Amino acid sequence: MVKITAQVEGMRCGMCEAHVNEVVRRAFPVQKVTSSHARGQTVILAEQDIADEALKKVIRDTGYEVTSIIREPYAQKKGLFSFLHR
């Protein structure tokens, strides 16, 4: 699993965050996506990597600008009762 953090300019409110989250969910198979206009970033958790240009285009087409993208491996955290979900 990969964690992709994109710095996004132009988000001003919660509706902007929801808009970015929705277009990312529609365009790519992601596990989770969250955005913060206060931090100016969108964090994506996905099984497969997403190409920089494809991600930038989807977000740019909605009126926002991606200024940088950082990737890092993501290991799902095991909870106290994770043994129950085998």
Side-chain angles (χ1 to χ4, degrees):
M1 193 169 236
V2 64
K3 177 181 175 183
I4 303 167
T5 304
Q7 290 302 124
V8 181
E9 290 184 354
M11 292 189 294
R12 303 281 182 241
C13 64
M15 289 303 294
C16 296
E17 296 168 358
H19 194 201
V20 171
N21 292 346
E22 184 63 27
V23 298
V24 170
R25 280 189 197 103
R26 285 184 184 172
F28 308 105
V30 299
Q31 295 290 328
K32 183 177 181 181
V33 58
T34 58
S35 295
S36 168
H37 71 278
R39 289 189 207 106
Q41 69 182 18
T42 297
V43 178
I44 302 164
L45 298 179
E47 291 290 332
Q48 303 293 321
D49 198 9
I50 298 170
D52 284 2
E53 288 309 313
L55 181 59
K56 286 179 180 180
K57 181 180 182 337
V58 165
I59 294 174
R60 186 181 324 113
D61 287 351
T62 62
Y64 307 97
E65 192 65 36
V66 175
T67 58
S68 69
I69 297 174
I70 299 170
R71 285 178 177 69
E72 56 190 289
Y74 181 80
Q76 281 187 305
K77 296 177 183 171
K78 301 277 184 177
L80 180 62
F81 295 103
S82 62
F83 67 92
L84 296 174
H85 301 287
R86 291 183 190 210

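All residue numbers in this chain count up from 1 along the given sequence. Note that the structure is a prediction, hence the values are computed from the model and not measured.
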What residues, two or more places apart in sequence or in another chain, satisfy side-chain contact (heavy atoms from CB on, under 4.5 Å) together with A27? V58

Of all residues at least two apart in sequence or in a different chain, which pass the side-chain contact (heavy atoms from CB on, under 4.5 Å) check with Q48?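 Result, side-chain contact (heavy atoms from CB on, under 4.5 Å) vs Q48: none returned.
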
Stepwise side-chain contact (heavy atoms from CB on, under 4.5 Å) check, L45 with T34: CA-CA 9 Å; L45 298 179; T34 58; over 6 Å; no

side-chain hydrogen bond (donor to acceptor under 3.5 Å, both in side chains) involving K3 - partner list, sequence neighbours excluded: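 Per chain and number, K3 pairs via side-chain hydrogen bond (donor to acceptor under 3.5 Å, both in side chains) with no residue.
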
Go through the structure and list residues passing side-chain hydrogen bond (donor to acceptor under 3.5 Å, both in side chains) with R25, not counting sequence neighbours. none

Summary of salt bridge (charged side-chain N to carboxylate O under 4.0 Å, His left out) pairs that have at least one residue in residues 32-48, sequence neighbours excluded: none

Residue pairs involving residues 12-24 (criterion side chain to side chain donor-acceptor pair (under 3.5 Å); sequence neighbours excluded): E17-H37, N21-S35, E22-R26

Are side-chain heavy atoms of I44 and L55 found at a separation under 4.5 Å? yes

Verify the cluster assignment for M11 and V43: are they in a single hydrophobic cluster under the rule of side-chain heavy atoms below 4.5 Å apart?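 Different hydrophobic clusters.
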
Mind checking whether V33 and Y74 sit in one hydrophobic cluster, side chains of I, L, V, M, F, W, Y counted as touching below 4.5 Å?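 Cluster IDs for V33 and Y74 differ.
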
Measure across P29 and A46 and return the closest heavy-atom pair with its distance rounded to 0.1 Å. O-CB, 4.1 Å

Please list every donor-acceptor pair under 3.5 Å in which a side-chain atom of residues 64-73 meets a protein atom from a residue at least two apart or in another chain.
from	atom 1	to	atom 2	distance (Å)
R71	NE	D49	OD1	2.6
R71	NE	D49	OD2	3.0
R71	NH1	D52	OD1	2.7
R71	NH2	I50	O	2.4
R71	NH2	D52	OD1	2.6

